[in-house]
A.B. asks: 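Pasting a structure here, questions to come.
All chains are named by letter (A, B, ...) in the order of the sequence lines, taking the proteins before the strands, and each is independently numbered beginning at 1.
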Amino acid sequence: MSKLILIDGNSIAFRAFFALPLLSNSSGLHTNAVFGFTTMLLRLMDEQKPTHFLVAFDAGKVTFRHSEYKEYKGGRAKTPPELSEQFPLIRELLKAFSIPQYELAGYEADDIIGTLTRMADDQGMEVIVVSGDKDMLQLASDNVKIAITRKGISEVDLYDKNEIKEKYGLSPLQIIDLKGLMGDKSDNIPGVPGVGEKTAIKLLQEYGSVEEVLAHVGEITGKMGEKIAEHADNARMSKSLATIFREVPLEQTLEQLQYDGYDGQAVATLFRKLEFRSLIDKMDLSGGVSDELDAEQESLTWATAALKPDPAIDFEISLTDLVAALPKVQAIHVESIGDNPNAAELIGLSFYSEAQTFYLPVSLLLSNEATEIRKWLADDKIPKKLYDLHRSEIVMGWKGIEIKGVKSCILLAAYLLDPTETSHTLHSICSKYGVSGIRADEDIYGKGAKFILPQQAALSEHLCRKANVIYQLADILEKELEKNEMSQLYHDLELPLSTVLASMELKGIKVNKDELKKLGEQLAIKLDELIIQIHQHAGGEFNINSPKQMGEILFDRLKLPVYKKTKTGYSTNVEVLEWLESKHDIVKHILLYRQLAKLQSTYVEGLLKEIKPATGKIHTYFKQTIAATGRLSSQFPNLQNIPVRLEEGRKIRKVFVPHQTGWSILAADYSQIELRVLAHISQDENMMEAFHTNLDIHTKTAMDVFGVEASAVDSNMRRQAKAVNFGIVYGISDYGLSQNLDITRADAAKFIEQYFAVFQGVRRYMDDIVKQARQDGFVTTMLKRRRYLTDIAHSNFNLRSFAERTAMNTPIQGTAADIIKLAMVQMDERLRQEKLASRMLLQVHDELVFEVPLEEMEIMQRIVPEVMEHALELSVPMKVDVNSGASWYEAK
DNA sequence: GGTCTCACG
DNA sequence: ACGTACGTGAGACCC
């Protein structure tokens with residue numbers, strides 16, 4: 001039997017657009033509505049298996065309904081440009097799927113669908129109408145079902161005649177009368193004021209139709225009757241507007257809507273352009289690319305890579321043959337399992353050459369017979385390409401094996417090309433750049449509890465394929481980097497940095513475990529006392545760690561005033577608690593409890609878990625390919641957020657000590673690196689002058705903003721000026737500043753205005769960078785690091801404002817990151833040159849931490865600031881403060 | 001897995 | 001009219 005699917009194209013596009021976050025591909029094209037539309041199509045095809053198909057669109061702005069009622073659809077918000085630009089893509093999508101599409105001037109999609117529904121119904125065809133608009137329910141019949149999207153587009157409610165009866169107690173045609181009485185805000189159809197769905201249904205169940213209701217209006221008592229009588233004309237017109245016109249003069253015949261499926265190649269090509277990776281995988285289109293490339297595919301910059309034939313894979317190769325094959329190897333892959341590289345299990349290596357590709361399990365790699373292979377890996381003069389140099393060096397480093405001569409790291413390159421990309425797995429990079437030939441790790445290994453290593457043959461094939469695509473991707477990505485002028489950043493900074501980081505992480509930092517345990521015991525005593533006191537004040541026991549229970553105690557039981565709410569209930573954060581502190585004695589105990597509980601769980605217990613028993617050290621992992629600004633982040637554990645602001649927490653730093661007795665910890669931090677960077681980038685005369693004369697920048701800001709002498713700046717003025725400076729770096733807004741300083745928005749705005757009056761170069765920079773971001777779609781740092789800002793021209797104020805602040809902040813934060821990274825690479829080099837035993841241990845965004853033997857203390861005190869201050873020359877001097885002591889705590 | 005809270009620069 | 005400061009990671013709770 002034939003089955004016809006009719007889609008209301010505009011309605012589904014709108015639904016998809018508002019249901020999904022604003023996705024966009026790497027060229028800044030928004031794709032969320034297209035994506036939603038696509039998933040809808042795929043599901044319909046899969047579940048319904050239609051024999052006939054059509055997507056109808058509204059044509060133009062004016063329809064016959066406007067001549068009837070010119071306010072029809074008036075007051076509707078304009079279609080956001082982010083959606084408008086997607087309509088051509090949706091048309092393209094339908095073309096790729098070979099699905100007929102149709103529109104007709106003067107008519108809406110509803111009318112086209114209504115007409116076709118009538119025609120199909122007459123022929124006894126089964127029909128499914130898909131829309132987000134409940135008006136469509138009027139089309140239901142024995143053969144016609146209506147699918148209405150629910151909760152965005154992920155689910156639909158399928159209505160047939162009976163279900164409409166069940167849900168509304170009305171026949172399909174009475175849906176029109178329902179609209180006539182209750183109106184429709186979104187189409188600006190008035191209906192009868194005061195009549196909602198409930199009342200309308202009651203009336204229709206009693207009288208049957210709008211006309212009958214009006215005829216019996218005398219019987220309807222009270223206000224309701226008057227209202228209906230008064231708005232009788234409205235009701236009639238509304239009904240007429242809501243009626244779908246089913247006699248559209250169509251050129252399309254039902255036969256023309258026959259659907260015979262689609263060409264996978266055309267769809268795959270479009271999906272690649274749109275970067276619908278998950279869909280490409282789902283449809284298994286990625287593996288199917290064969291030798292013949294169609295013209296369209298050729299237009300993709302990197303599609304040719306897909307031409308590469310499958311590698312010849314040898315997993316039964318002898319070690320002797322393998323060594324003989326090494327000179328031709330161009331790419332390798334180091335496979336390891338586990339999130340934490342310092343605890344990951346090394347599985348094996350694969351090697352790619354044009355002639356053959358082979359796999360070497362870890363057991364063989366570590367055998368005596370593999371010396372030649374390890375030598376090859378450690379040979380700096382043999383160029384290699386791989387994916388994730390940083391992780392590979394750590395994993396191999398734990399086995400005592402070095403990798404040198406790496407000229408390409410796919411992960412690093414992909415990150416630099418777009419640091420905001422959510423995933424940089426080898427598989428996702430392949431999809432993005434049109435390289436086929438590997439499956440996702442998850443496909444091979446499963447995930448979570450289901451994780452399992454496959455048989456040797458399957459494992460070997462998967463890893464060999466990885467080495468193969470690494471080889472293919474290297475060229476593609478490096479050409480892109482070259483285009484973006486990022487080659488130097490990649491080769492001279494980020495790649496060497498990977499090695500520097502790996503060596504820091506492998507060394508680790510010594511932790512005084514006994515001291516840490518002692519701290520934990522002291523905390524436990526205080527926490528126990530606090531728990532008792534808090535429960536007493538509360539008049540009963542509850543879990544203080546549960547924000548939900550805490551909220552109930554404070555606001556329901558103790559009836560404290562509610563200051564702020566979260567999405568799910570009462571907010572109980574520090575800001576709220578500090579506001580409540582004077583109102584109840586329990587609050588100060590809670591505040592102290594929170595502070596100490598954080599120390600106990602995150603820092604005492606958390607750090608204890610990370611100490612390697614054999615060495616007493618902690619080995620963090622600095623992620624090099626996560627932060628959108630170019631900063632590093634630290635994991636397993638995070639050593640970039642060890643407490644410092646409050647003394648109780650700061651004591652945690654006492655447990656970070658040198659790994660040998662007689663050594664010291666040396667910490668060096670940049671003073672005001674971000675504001676110095678801002679002074680340089682903006683070339684603001686006043687600010688540059690301040691740094692040249694080595695003034696305290698916050699005091700200087702206070703002097704200028706308040707118009708007073710240095711001697712007249714009190715601590716409060718300096719504090720406010722400091723907050724303004726922070727705000728400037730973050731991309732200032734009066735609202736943000738007002739929150740931070742707890743002042744009115746108007747006062748905050750005045751501050752900012754005064755600030756810009758004296759720092760005019762800064763104002764110019766802020767204006768220019770936003771303009772430039774709008775023009776280019778991205779911003780850059782001094783070293784050409786790039787961040788795309790897809791929302792910079794968004795119609796939504798919040799999204800656009802956020803993008804604008806990001807445009808202001810990223811060049812500053814990112815350049816600061818560039819500078820300290822440069823300093824790290826140079827410092828590593830310098831330590832080697834000077835043959836020093838001192839070791840670099842940690843980086844905390846503007847601070848480097850070293851351990852230093854006594855005899856090197858003097859030279860390190862000199863060298864470290866020298867290297868850091870001159871890592872990159874700016875038009876203002878850099879300033880670095882150096883401190884040393886027995887632990888990180890003392891090095892302040 | 002999402003939410004809240006809080007630690008750092 | 002809109003209603004956030006920029007960038008991270010981790011622990012606890014709760015569904």
A.B. asks: Assign A:Thr568 to base, sugar-phosphate, or nothing according to its heavy-atom contacts below 4.0 angstrom with the strands shown.
C.D. replies: sugar-phosphate
A.B. asks: Looking across every strand, which nucleic acid part, if any, lies under 4.0 Å from A:Asn798 by heavy atom: base, sugar-phosphate, or nothing?
C.D. replies: sugar-phosphate
A.B. asks: Is there a Watson-Crick or G-U wobble partner for B:dT5 with both distances under 3.5 Å, and if so, which one is it?
C.D. replies: C:dA10
A.B. asks: So does A:Gln843 get a side-chain nitrogen or oxygen closer than 4.0 Å to the phosphate oxygens (OP1/OP2) of B:dG9?
C.D. replies: no
A.B. asks: With a 4.0 Å cut-off on N to O distance, would you call A:Arg557 and A:Glu552 a salt bridge?
C.D. replies: no
A.B. asks: Tell me whether A:Phe797 is stacked on the nucleobase of C:dC2, counting only the six-membered base ring and applying the 5.5 Å and 30° thresholds.
C.D. replies: no
A.B. asks: What nucleic acid atoms does A:Ala817 come within less than 4.0 Å of, heavy atoms only: base, sugar-phosphate, or nothing?
C.D. replies: nothing
A.B. asks: Describe the nucleic acid contact of A:Phe802 in one word from base, sugar-phosphate, nothing, applying a heavy-atom distance below 4.0 Å.
C.D. replies: sugar-phosphate
A.B. asks: Reckon A:Ala723 touches a base, only the sugar-phosphate, or nothing at all at heavy-atom distances under 4.0 Å?
C.D. replies: base
A.B. asks: For A:Gln635, which contact category applies under a 4.0 Å heavy-atom criterion: base, sugar-phosphate, or nothing?
C.D. replies: sugar-phosphate
A.B. asks: Cation-pi check, A:Arg745 to A:Tyr735: give yes when NZ or CZ is under 6.0 Å from the six-membered ring centre and within 45° of the ring axis, no otherwise.
C.D. replies: no
A.B. asks: Assign the ring pair A:Tyr415 / A:His424 to parallel, tilted or perpendicular, where the plane angle (0 to 90°) is split at 30° and 60°.
C.D. replies: perpendicular
A.B. asks: Please tell me whether A:Glu890 and A:Ser887 have a donor and an acceptor in their side chains that are separated by less than 3.5 angstrom.
C.D. replies: yes
